[in-house]
Structures are given as C-alpha cells and as structure tokens.
Amino acid sequence: MSGKVSLVGAGPGDPMLLTRRGLELLEAADCVVYDRLVGRPILDLIPERAERVNVGKEASRHPVPQDEINRILLEKAQAGMNVVRLKGGDPFLFGRGGEELELLAEHGVPFEVVPGVTSALAAPAYAGIPATHRAFASSLHIVTGHAKAGGALNINFRALAESGGTLVFLMGVTSMGSICRGLLDAGMAPDTPAAMVESGTTPAQRKVVSTLSQLPREAADRGIHPPAVLIVGQVCSLSETFDWFDRLPLKGRAVVVTRPRERCGTLAARLRALGAETVELPCIATVPITPCPDLTQAVRRIGEYRTLVFTSPFGPGLFFDELRRQGMDARALAGLRIAVIGPRTGEAVEACGLRPDIVPQVYDTEHLAPLLTEGPVLLCRSQQGNPELTGDLRRRGVPFTEVSTYRTESGCPQSAEISPGSWVTFTSASTVEGFVRTVPRELLGSVTGFCIGRHTADAARKYGIRVQVAEKATIDDLVELILKEAAFL
Ligand code: SAH
C-alpha cells in the first residue's frame with residue numbers, strides 16, 4: 001500500500017510557531033525529509049524511530065538536486081511510509097513546494113499540504129514591524145531577491161515603488177545593494193524607513209533599522225548574513241515602539257537544560273518564551289527496574305502499610321502497574337495515607353485515580369521526612385534515593401520498607417558545545433553527575449548552576465560549580481531564580 005507525503009511548513013524558526021497539524025504529522029512520521037532552514041528545536045521533535053533525510057547539507061555545500069528530492073519523496077511514499085517533507089516557513093512561498101508535488105500527483109501518491117508561518121511576516125513581527133498599518137501601508141508585496149545565476153534581478157521596481165505598500169524581500173542579502181538602488185532609481189525617497197531582520201524568531205535574531213539609502217551600508221557593517229528578510233516601508237518606523245522580542249528578560253542568554261528529554265519540554269519551553277536560547281542536554285535517563293521482586297513482595301503485603309511515599313513522578317505509574325498485575329486496583333490502598341514530594345508527583349498520583357494526603361510546604365526530602373509519622377511506611381523511589389529520608393525515619397523509630405522501583409542513569413548520549421560561563425539548570429543530583437561526565441572539567445568553574453533543592457546544590461558545589469538554589473522543587477521557582485539572576489546582572 002502506498003504511503004503519503006505531507007508537505008509541512010516548519011515556520012520561521014521558533015518551534016512554538018509550528019502548527020498543531022504540522023506537529024501531529026511530524027510525531028506520526030516514518031521518514032522526515034528536511035532542509036537547511038529547519039532549525040534544531042524543530043528537528044528535535046522528530047521521533048527517534050523516524051528516518052531522517054537531510055537534503056540541504058550545508059557543510060558539504062552540495063544540496064541534493066531538486067529532481068533527486070522529488071524522487072526520494074516518491075520512493076519513500078511508494079514504500080508505504082508516512083513521509084513528512086519539512087520546509088522552512090511556508091512550503092508554498094518560495095519553497096519549491098509546488099515542484100515537489102508534481103511527481104507525486106503524476107504517480108497518484110496521496111499528499112497533504114500544511115501551511116506554515118512564513119518568515120516574510122514572522123521575522124518583521126518579532127522585530128516589532130507590522131506588515132501593514134492603516135496609517136502607513138494598505139498592501140504588502142513579498143518579492144524574491146534571488147537573481148538567476150549570473151543574471152540581473154527580475155524585479156519591476158517601478159511598480160513596487162508606485163504601490164505605496166510594504167515591500168518584503170526574501171533571499172535578498174547578497175542583492176540588498178541592487179534592490180535598494182533599484183527602488184531609489186524608481187523614485188522612492190532615500191529616507192524611506194527600511195530594515196533587515198536576520199534569523200528572525202530565533203534566539204540569534206538581529207535587526208538593523210535604517211533608511212533605504214543607508215541600510216545596505218549599515219547592514220554590511222553589522223555583518224548581516226542569510227537568512228534575513230529586507231523590509232522597506234513606513235511600517236519600519238514602528239520597530240522601536242513595538243519591539244517586544246529583544247526586550248524579553250532572558251534574550252541573549254543561553255541556558256542548558258539537563259533533564260531527560262521527555263521531561264525537559266516544559267522547562268525549556270518556559271525559558272524560550274522568556275527569550276532564552278535553550279540547549280537541551282539530557283544528562284540522566286530513568287530506567288524502571290524489572291523484574292522488581294521487592295515491589296512484588298511489598299504490593300502483596302500492601303494491607304500491612306499505613307503510609308505510601310512517592311518521591312518523583314515516575315513512582316506512581318510503576319507502583320500501579322504492579323498493583324494491576326496482581327489483579328488489584330486503587331481500592332487496595334483504601335486505608336493508606338499517600339505522601340508525595342511535590343505537586344508534579346501529586347499529579348502522577350492523581351492520574352492513577354487517587355489524591356495525595358501529604359505534600360510538604362517545601363518540596364524536598366528534608367521537609368517531607370518529618371511528615372511521615374505513621375508506620376509502617378512503604379517508600380517507592382529511585383535506587384539512588386537521598387539517604388537523609390531513610391536516616392530520619394530510622395532515627396525517629398518509624399518502621400519502613402524501601403523499594404527501588406527505578407534507577408537514574410547519569411551520562412549523556414550526546415555531546416553538546418557548552419560555552420564557558422553558561423547557565424545550567426539542575427533538577428537533581430544525578431543531573432549534576434551526568435553533566436559533569438559530559439563536559440570538560442575546566443569548564444565547571446565558569447558555569448552557574450540553577451538547582452532545585454539543597455541536595456542538588458551540594459552535588460554541584462562539590463565540582464566547583466557556582467550555584468543558586470530554588471526554594472521549592474518547582475519549575476516556577478527555578479524560572480523565577482533565573483529571572484532574578486538575569487535582572488541582577
Ligand atoms: N518558505 C520560506 C522562504 C524560503 S526562501 C518562508 O516562508 O519563510 C528562503 C528565505 O527566507 C531566506 O533567504 C530568508 O530571506 C527568508 N528566511 C527564512 N527564514 C528566515 C528567518 N528565520 N529570518 C529571516 N529570514 C528568513
């Protein structure tokens with residue numbers, strides 16, 4: 001049976017600008033064919049199992065020829081795959097999307113087109129430039145600034161100059177001088193506001209706002225390079241007033257997020273929305289311990305316990321799996337008090353249909369321990385659990401059983417370029433261990449670690465990392481801590 005090709009617009013760079021349909025198709029893809037303009041944060045959304053085909057290799061400077069791309073799409077679909085053809089911005093705007101569908105149409109291969117947020121609108125928007133404005137422009141013209149090899153620009157400058165609308169040029173960095181000259185020659189005023197926005201919507205976004213006559217020189221002086229859009233028109237004069245992106249509190253900051261991928265989504269997204277460039281470096285992986293005879297035993301004798309404790313969101317699911325395996329359900333826990341370390345773990349308990357009874361004010365083991373007064377306590381947690389908790393129970397003579405249902409493995413499957421002076425978030429001592437093993441030792445003295453919990457901070461200090469500690473073990477507090485540091489500097 002034939003597969004299908006989805007021509008998906010990846011948007012201009014900010015991964016939050018990928019459409020919901022685009023994401024849905026990407027997550028279900030067997031094969032993703034992408035090119036140069038699609039950025040890392042979007043590529044990170046491609047599932048592990050999907051085949052990736054890069055047809056825009058920049059390093060070798062030999063992008064795959066168009067015919068070849070068309071053929072790859074056809075063959076993969078005919079092999080029964082769900083193929084996503086991922087393109088920067090919108091696939092039908094200077095994206096050769098049409099060409100890629102021709103061969104598919106000819107062979108009767110089903111396809112779908114998912115429009116994307118185009119850089120022609122998004123880059124100006126992130127630079128505070130509205131494409132139109134009632135006071136300034138009543139039309140918008142999107143033009144390619146790409147000249148055929150060796151040829152001149154095929155642009156009707158007079159028509160554009162007379163339109164009085166906003167002009168947006170894509171692929172115009174090299175020909176920026178000729179474009180501005182052409183518009184001036186066609187009669188546009190030299191002081192017409194004009195702007196260049198490089199790498200729009202990404203943490204690397206830069207803008208130059210000037211006039212039609214001065215822009216080419218200023219943009220060259222600032223070293224503006226592709227991808228960039230050139231905007232000409234009165235609307236550019238609003239850029240200063242409407243700028244919002246450059247003013248985000250974490251703009252220009254790189255923050256390394258060390259949680260495992262499946263859990264770093266929210267933290268990374270929060271930081272990105274505040275303007276940070278996030279580097280996702282998952283430093284730990286959580287691995288369930290199977291088989292787990294201790295858990296089997298504890299569940300069999302569940303009626304003997306008075307308090308059940310979970311210290312991370314991984315615990316409840318594994319516990320309930322075992323409960324079900326033994327033919328029981330939540331009713332078996334009727335007489336038990338359930339304690340969790342924080343709200344996220346609480347949510348995991350609630351997902352299993354129960355409500356936690358005990359949540360400490362400060363989300364760490366130190367504050368949880370004194371609340372565990374009714375024994376016997378069944379403690380389901382990581383093999384590397386903090387010994388403070390069991391120590392405290394022992395001291396107070398509260399009987400307990402500790403069961404390790406999972407372990408965290410430190411270490412990083414990938415390496416990443418971490419620059420000296422980076423800001424790094426640590427959510428547990430094992431993320432610290434994983435990070436330390438991944439990056440060069442000499443770097444550690446220069447990084448700042450933003451830690452959840454004292455235990456995590458101690459682990460980081462041991463390696464000479466300067467630390468800031470969040471009071472509560474929540475993402476909110478961690479983000480707050482980073483914002484404070486940014487405001488302080
Ligand atoms: N289909 C794409 C455009 C492809 S042509 C879209 O709709 O956005 C490639 C040109 O797009 C680049 O030369 C540049 O002019 C522009 N471009 C793409 N991404 C950009 C970005 N993040 N910032 C500024 N310009 C960008």
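Note that the coordinates shown come from a computational prediction; the quantities given were computed from them, not determined experimentally. Indexing begins at 1, ligand by ligand and atom by atom, following the structure's order.
- The closest protein non-hydrogen atom to atom 16 (C) of ligand 1 is S119 OG, 3.4 Å.
- Listed by number with element, the atoms of ligand 1 under 4.0 angstrom from any heavy atom of V197 are 24 (C).
- The shortest contact between atom 14 (C) of ligand 1 and any protein heavy atom is with A228 O, 3.5 Å.
- Classification of E350 and R344 as a salt-bridged pair fails, no side-chain N sitting under 4.0 Å from a carboxylate O.
- Contact between S199 and ligand 1 is present, with at least one heavy atom of the residue lying under 4.0 Å from the ligand.
- With salt bridges taken as basic N to acidic carboxylate O contacts below 4.0 Å, one links E100 and R85.
- Under a cut-off of 6.0 angstrom, the local environment of CG in D221 is crowded, with over 12 non-hydrogen atoms contributed by other residues, nucleotides or ligands.
- Heavy atoms of G88 come nearer than 4.0 angstrom to ligand 1 in at least one pair.
- Residue L93 places a heavy atom less than 4.0 Å from ligand 1.
- Of all protein heavy atoms, the one lying nearest to atom 21 (C) of ligand 1 is G200 N, 3.5 Å.
- We find that K207 and E198 are not joined by a salt bridge, their nearest charged nitrogen and carboxylate oxygen being 4.0 Å or further apart.
- Considering both main-chain and side-chain atoms, T202 never comes within under 3.5 Å of ligand 1 through any nitrogen or oxygen pair.
- Sparse packing is recorded around CZ of R96, with 12 or fewer heavy atoms of other residues, nucleotides or ligands lying under 6.0 Å away.
- At least one donor-acceptor pair closer than 3.5 Å links the side chain of Q384 to the backbone N or O of T408.
- The N/O atoms of T201, backbone and side chain alike, include none that comes under 3.5 Å of an N/O atom in ligand 1.
- Relative orientation of the F450 and W423 rings is tilted, given thresholds of 30° and 60° on the angle between their planes.
- The protein atom (non-hydrogen) at minimum distance from atom 10 (C) of ligand 1 is M171 CG, 3.7 Å.
- Counting atoms of ligand 1 from 1 in the listed order, those under 4.0 Å from a heavy atom of F94 are 4 (C), 5 (S).
- Here the CG-CG distance, from L250 to L248, works out to 8.0 Å after rounding to the nearest 0.5 Å.
- Heavy-atom proximity to L37, at under 4.0 Å, picks out these atoms of ligand 1: 9 (C), 18 (C).
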